[in-house]
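Below is one structure, written out as structure tokens; comments come after it.
No hydrogens, no waters, no symmetry mates; every other heavy atom, side chains included, goes into these values. Numbers restart at 1 for each chain; the letters A, B, ... are given by sequence-line order, proteins then strands.
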Amino acid sequence: MPELPEVETIRRGLDNQIAGLRIKSVQVKKARLVKGSVKKFIAVLTGNVFLKFNRRGKLLIAALKSGQFLLIHLKMTGQLIYQHGRQLIAGGHSFVGMDWRLPNRHTHIIFSFRNGSRLFFNDLRQFGYMKIVSKIELEKELKKFGIEPLTAGFSLKNFVEIFANKKTSAKALLMNQKFIAGLGNIYADEVCFYAKVKPSRRVPSLTEGEIKKLYQGCRVILAKAVKARGTTFSDYVDADGRQGGFIKFLKVYGRKGEKCRRCRRGVIVKIKQGGRGTHFCPQCQQ
DNA sequence: ACACCGTCCTGCGTGC
DNA sequence: TGCACGCAGGACGGTG
Ligand SMILES: [Zn+2]
């Protein structure tokens, strides 16, 4: 599912390809995916220009020439696919056997540009959304996010402070966007593995050294995943013919029953924690 | 104030 | 072969 590295990857693609393009028309096929008034959504976007694509956590933020912003959240199964002639820039959720015809039955919103290119917003489970906000509303939305990994504000000091006076589990804290922005179920499991910490460990029981390792894990794993252009679970290839290659670096997620790649003794188990599939090595994670 | 759980949704895998 | 059911999970709202 799209987490920080996957959203960052599509952000870069869209910023390169469609920043500066004028929107000719917008087609909303499923109103559920638009937060707020669909009529207003279409009215604001038609004739508008995408100036710049930014990101906060897993939230994509497109600055519009009108001064407003288009917020895009892909949740678990959202995809953004930009098609210009034979060129295809895709990002977000991908899976084996997906339908690459566009639009397909999961296409809910389509942007058409004057140069004939199109941007498709697909979402199998329809949990994702698009939303128009003003500058003021954007500021309000951004206040909900915690420290942003891969930025200067993501310091060890700030990270350690987050762990003070928390009683929840290590994984739940890592995934809480109010405190740390951008980690989802996959990368939270990977960070816990990196730090040799069981995802269920209560925060008060964590040592200083373990918190530091969790911090390093966030930095190392997310940086590596962005460099690999995210994790994809299919053979998808983008315009440059490269695959999102992080899947081969995953150590625990989706590896239930496999021998641990670190200690070579444990077997990766999958449990349910907080209603989410949670993976770890019972041998080398404490 | 904080922790936790149900909810939204569709397609796929499993078992009878 | 067909059908019912469980599972996948981000973020929000309600509950304790
Ligand atoms: Zn191990």
Side-chain angles (χ1 to χ4, degrees), chain A residues 1-8 10 29-36 55-61 71-80 91-101 103-109 121-131 133 137 140-146 148-149 161-192 199-206 222 230-234 247 250 252-257 268-279:
Chain A
M1 71 227 64
E3 302 181 31
L4 188 155
E6 293 72 36
V7 178
E8 176 60 19
I10 188 63
K29 302 175 71 149
K30 187 85 82 169
R32 173 194 299 282
L33 286 271
V34 173
K35 277 198 181 181
R55 178 187 59 76
R56 187 76 167 89
K58 305 172 206 169
L59 184 69
L60 258 181
I61 305 156
L71 304 185
I72 307 168
H73 204 305
L74 301 175
K75 295 287 180 85
M76 290 89 63
T77 55
Q79 310 171 314
L80 287 167
H93 179 76
S94 65
F95 51 94
V96 177
M98 75 168 273
D99 186 355
W100 281 100
R101 288 172 302 179
N104 60 42
R105 72 183 135 147
H106 303 304
T107 302
H108 306 306
I109 300 174
F121 181 33
N122 298 347
D123 192 351
L124 188 151
R125 287 179 212 159
Q126 303 175 24
F127 284 6
Y129 66 83
M130 288 191 172
K131 178 185 184 182
V133 294
E137 289 165 330
K140 203 172 146 195
E141 292 270 350
L142 296 183
K143 276 186 190 153
K144 297 178 191 168
F145 290 93
E148 180 71 38
E161 275 174 18
I162 286 167
F163 285 71
N165 304 317
K166 300 291 191 304
K167 296 188 176 83
T168 189
S169 67
K171 180 178 179 180
L173 182 55
L174 289 172
M175 283 181 64
N176 191 329
Q177 306 299 302
K178 276 190 297 191
F179 300 114
I180 301 164
L183 287 178
N185 200 45
I186 296 173
Y187 291 104
D189 280 0
E190 295 297 320
V191 168
C192 287
S200 58
R201 272 283 291 286
R202 296 285 110 182
V203 169
S205 78
L206 294 172
L222 291 174
T231 301
T232 57
F233 296 92
S234 79
I247 189 166
L250 294 179
V252 284
Y253 186 88
R255 300 204 183 277
K256 182 180 88 172
I268 305 305
V269 296
K270 181 180 180 184
I271 62 162
K272 203 92 163 172
Q273 183 184 326
R276 302 294 173 252
T278 298
H279 312 71

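Using a 4.0 Å cutoff to heavy atoms of chain A, the contacted part of DNA chain C runs 5' to 3' from dA8(C) to dA11(C).
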Trace of the side-chain contact (heavy atoms from CB on, under 4.5 Å) decision for Leu74(A) with Asp123(A): CA-CA 8 Å; Leu74(A) 301 175; Asp123(A) 192 351; over 6 Å; no
field: Verdict with reasoning, His279(A) to Arg255(A), per side-chain contact (heavy atoms from CB on, under 4.5 Å)
entry: CA-CA 8 Å; His279(A) 312 71; Arg255(A) 300 204 183 277; over 6 Å; no
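Smallest separation of non-hydrogen atoms from Ala181(A) and Glu148(A): CB-OE1, 3.7 Å.
At a threshold of 4.0 angstrom between heavy atoms, the contacts of Lys30(A) with the nucleic acid are absent.
Using a 4.5 Å cut-off on side-chain heavy atoms (C-beta onward), Arg55(A) and Leu4(A) make contact. In this structure the side chain of Arg32(A) never reaches within 4.5 angstrom of the side chain of His108(A), judged on heavy atoms.
Between Lys131(A) and Glu137(A) there is no salt bridge, since no side-chain N of the basic residue sits under 4.0 Å from a carboxylate O of the acidic one.
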- request: For each nucleotide in nucleotides 2-9 of chain B, reading 5' to 3', give B when a protein heavy atom comes within less than 4.0 Å of its base, S when such contact involves only the sugar-phosphate, and - otherwise.
  value: -SS--BBB
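Atom-to-atom distance recorded for Thr278(A):OG1 and Tyr253(A):OH is 9.5 Å, nearest 0.5 angstrom.
Scored by the side chain to side chain contact (heavy atoms under 4.5 Å, CB included) test, Met130(A) finds Phe41(A), Leu70(A), Ile72(A), Leu80(A), Ile109(A), Phe111(A), Phe121(A) as partners (sequence neighbours excluded).
Phosphate contact (OP1/OP2 of dT10(B), side-chain N/O of Arg105(A), threshold under 4.0 Å): absent.
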